[in-house]
Amino acid sequence: VRSLILERVARWLLPVATLFALYLLLRGHNQPGGGFIAGLVTGCAVVLQAMAFGARRTRRHLAPLMRVAPWVGVTIALASGLVAVAVGQPFLTHYHQYVPLGANRVFLSTTLIFDIGVYLAVVGVAATVANLFAEGIE
Amino acid sequence: MPTLTTLVLIIGVPFLVAALVLLLPRAWAGRAALLAPAAVLVLAAPLWPLLDADAVQRLPVEWFPSLNMTADLRVDRLGLFFVLLIGGIGLGIVQYARHYLGEKARPEFWAALLAFMGAMLGIVLSDSLILLFVFWELTTITSALLIGMDFGSAEARRGAIQAFLVTGLGGLALLAGIVLLGQMAGTYNLSELAARSGEIVADPAHVWPLALLFVGAFTKSAQFPFHFWLPGAMAAPAPVSAYLHSATMVKAGVFLLGRLFPIFHASEYWLPTLAVVGLTTFLVAGWNAVLAYDLKQLLAHSTVAYLGVLTALYGFYAVVGTRGEVVNIMNHALYKSSLFLLIGWVEKRMGTRDLAVLGRERWLGHARVGAVLIGIGAFAMAGLPFLLGFMAKDVFFQAVIGGPYVEEITLYLGITLVASTLATIYALKVWAGTFLGREAPVLDRGYPPKKISPWLLVVPMVLLVPQVIGGVVPGWFLGTVVEPGTTWGPAIWRYLDVKVALSLGILVLGAFGYLHWERIARLPLLSRLPGPQHVSDGLAEGALGFSTWMSRAIQAGGHPRYMAVTLVFTAAMAGVGLWWGGWRPADATWPIGPELNLAWLPTMLIAAGALLTVIIPGRIQKVIMMALVGYGMAVVYVMYRAPDLALTQLLVETVSLILLLLIFRRLPRLSADARPPAQRLAHGVAAGVVGVTMGGLAWIAAGVDAPQPTGAEQAALSLPVALGRNVVNVILVDFRGTDTFGEIVVLAIAALGALALFRVGGAHAETPKDGATAAQAAGREP
């Protein structure tokens, strides 16, 4: 069943939801949010795509996301933990730094890299599984 | 002196090359694979002269200090010797496999082989038992992959699964043994354990870890009664068998005994257990080898027999010391790997490895080089003078006799003599049975059948060189190169001592036995002995029967039964735990304080949702009602000022609602309840008990003040240590990062599993929809 309204909304919602997810991801260190929640938000948006345009088309468009994202995510998280190992600290020891940027300062941390890994893994898995079950909707 | 970097490189390079090989085009994969063993040799060989006989250099690596676990590496004579063996024979194996398998060698094959090599190197260089165990399990997995590389063949799959089950089970025993030992001694490091040897052995409880560690070693090294998996693993191609069953896999068990020796050598159980198990294996496997007609099966049984010798040897070392352990391991690794490789050549050349067929082909004149090489290998197996095998046998006899002279004919010596005679018989059978045909050759076969790469002979030839050198000039080769500091007698006896007399007597007896073995085997008493197939089939049937009984007992009935059993068990455990912990119903407090009166609203919502889930008919409706419960929970979280939890709950609820709806869409309507009243009552009671217990638990938890709440500590640490204000997220990504990492790995694997299941299920489900006939469906690619 195709619905014009649903398609229009879904089309606009994907970038908006992704932006919102990124916002949640970045603020996670100090305010509610984080990689897991952000991943679920994007996952919901992808499910909506599958409902609106059909699973097959969504899979075609977002195939790289679904097939690769979980493993890219795991690799990124692993890499963020190995940074510490390289300098002789235990696995997943994190480093934090305030970097001055103009008048302000930016907080940088390896936890953010780790969280990006978590985000990608959750998005990939949620999208893959949801899309599998949405198969045959069209 | 060796540095940590060197050791890490030795272990790491094979894994790195294994990953690299997967990315390379097929034509380059084999060549690249040569790099790994070559690099290992280059790194390890210069270390050999640097190590004294008893020197152990420990290189600490921090791992989990809070759990008393380290990833310490170590390097000593035995370990480095194994490194050179694994690298040296590995180099030969890779070169041989490139020419033996040719186009059939997939990149995955090379990756599995190299990963296996890396895991073996890890075992021999670990000081931490935990690290050793990790590598041990890696060899189990990679060796199963190698044995079953030919997925299409049912025999290969069965062999791989059998090997995996037996060695995997042994791995569990090993883990239990390691943990017990670590708990007893307070350390997991081999060198520290060896230093506390007296203390450990003085405690009578040391028998438990020792028994479990023995089971681990015996399963890996195919000792009686676990000896049946090794002949089953012979479905692997020749180079894999040669590698796994000569220098590596099965030697890991023997190597473990070598590592345990300094810890447990004073134990009263050490000698009797190892001597009895080892010699029994020697005898049983030797008998099986004499009966075998398939050359490769014969070699498999003879491998088991020699592993029995090595096991027994470690038992007797408690009396005579470790002189000659290296010689025996080296002797076996060299002649057995080259014989396996040569059998691979025979199979290519003649198209068979069945002695019954080969015995009719008089092909000695057409294959002189191969005949000489197989001869050297077989005579080393029999322990003929001027070969390393003779020296090895000499050491073994010395260990069994317990000194330079025989004081009494013990049971051990008796078994050794009989089993050694059997070894001579099957060694002769390998050579004479292959080349000395008794009947006229079959003429229409035509020679040579096809072009065979000369490397199939060159590699075993190189491997046999030390056999000859070590046999001709043992004083120099063994005393200076292999085991500096030990002295060895001349290649052939200066005087006739008792060991030499025994050795010669056995050779004569064996030769006689070979000439008449068919008649001996048909003796009424012997023919009724349980053969190899008997024992292995019996064990396999036993295992099958046990697993059937287990699955009947646990997995009877459908989903409701599993749910009921699991949940009632959980609830019962919770109740027992509560009572045990001293909680009494009088302790219950009112869970909701006056400041949270508003919480009644979401509570009503949750209760209504739960009630409606039970009452309402129809699956979709029930799922939506369940979501109501979840959303109610999210509201509660908001009230308790847990925004992260609330957000997560909302999103998880939404995603799972959609998923459930998508799945339930495909299911048929719920039919009328067909359960008999008794069953409905039982299900109802089970559900009630579980619900009340879990609800009660939550209630009680709300009223209990934990003596040491960890939350406060983490909240206090969050900002100063991790520079984050959101404690939940800081715990997820920083304090408990390893947990989260494990979770996303599980997630990714789950997605992979769902994908695979869906593909399989989809292939079946689509057939009727398309209206295709079964034949069409079967012919179509999934």
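Worth saying up front: this structure is predicted, and the values here are computed from it rather than measured. Just so it is clear: chains get the letters A, B, ... in the order the sequence lines come, proteins before strands, and each one is counted from 1.
- Looking at every heavy atom in both residues, B:Ala754 comes nearest to A:Val129 through CB-CG2, 4.4 Å.
- At a 4.5 Å heavy-atom cutoff, the contact between A:Val47 and chain B is made by side-chain atoms alone.
- In this structure, chain B has no heavy atom under 4.5 Å from any part of A:Leu120.
- Of all heavy-atom pairs spanning A:Phe36 and B:Val652, the tightest one is CE2-CG2, 4.3 Å.
- Considering only heavy atoms from C-beta on, A:Thr128 stays 4.5 Å or farther from B:Leu752 through its side chain.
- In terms of heavy atoms, A:Val74 sits closest to B:Phe741 at O-CE1, 3.5 Å.
- Looking at B:Asn729, its side chain never comes within 3.5 Å of a backbone N or O of A:Gly34 through a donor-acceptor pair.
- Going from atom CG of A:Leu40 over to atom CG of B:Leu650 covers 11.0 Å, rounded to the nearest 0.5 Å.
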Going through the distances and angles, do B:Ile658 and A:Met51 end up as a side chain to side chain contact (heavy atoms under 4.5 Å, CB included)? CA-CA 10 Å; B:Ile658 296 172; A:Met51 304 271 238; 3.9 Å; yes
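- Tested against A:Phe114 for a side-chain contact (heavy atoms from CB on, under 4.5 Å), the candidates B:Thr740, B:Asp734, B:Leu732 yield a single pass: B:Thr740.
- Using a 4.5 Å cut-off between heavy atoms, B:Ile749 contacts chain A through both its backbone and its side chain.
- Closest of all the heavy-atom pairs between A:Cys44 and B:Leu651 is SG-CD2, 4.2 Å.
- Contacts between B:Val727 and chain A at a heavy-atom distance below 4.5 Å are absent for every atom of the residue.
- Here the shortest heavy-atom pairing between A:Gly73 and B:Ile744 reads O-CD1, 4.5 Å.
- Of the atoms belonging to A:Ala77, heavy atoms from both backbone and side chain fall under 4.5 Å from chain B.
- By number of non-hydrogen pairs under 4.5 angstrom with chain A, the leading residue of B:Leu661, B:Thr654, B:Leu645, B:Leu659 is B:Leu659.
- Of the atoms belonging to B:Val745, heavy atoms from both backbone and side chain fall under 4.5 Å from chain A.
- Looking at every heavy atom in both residues, A:Gly33 comes nearest to B:Asp644 through N-OD1, 3.1 Å.
- Heavy atoms from other residues, nucleotides or ligands lying under 6.0 Å from CE of B:Met625 number more than 12.
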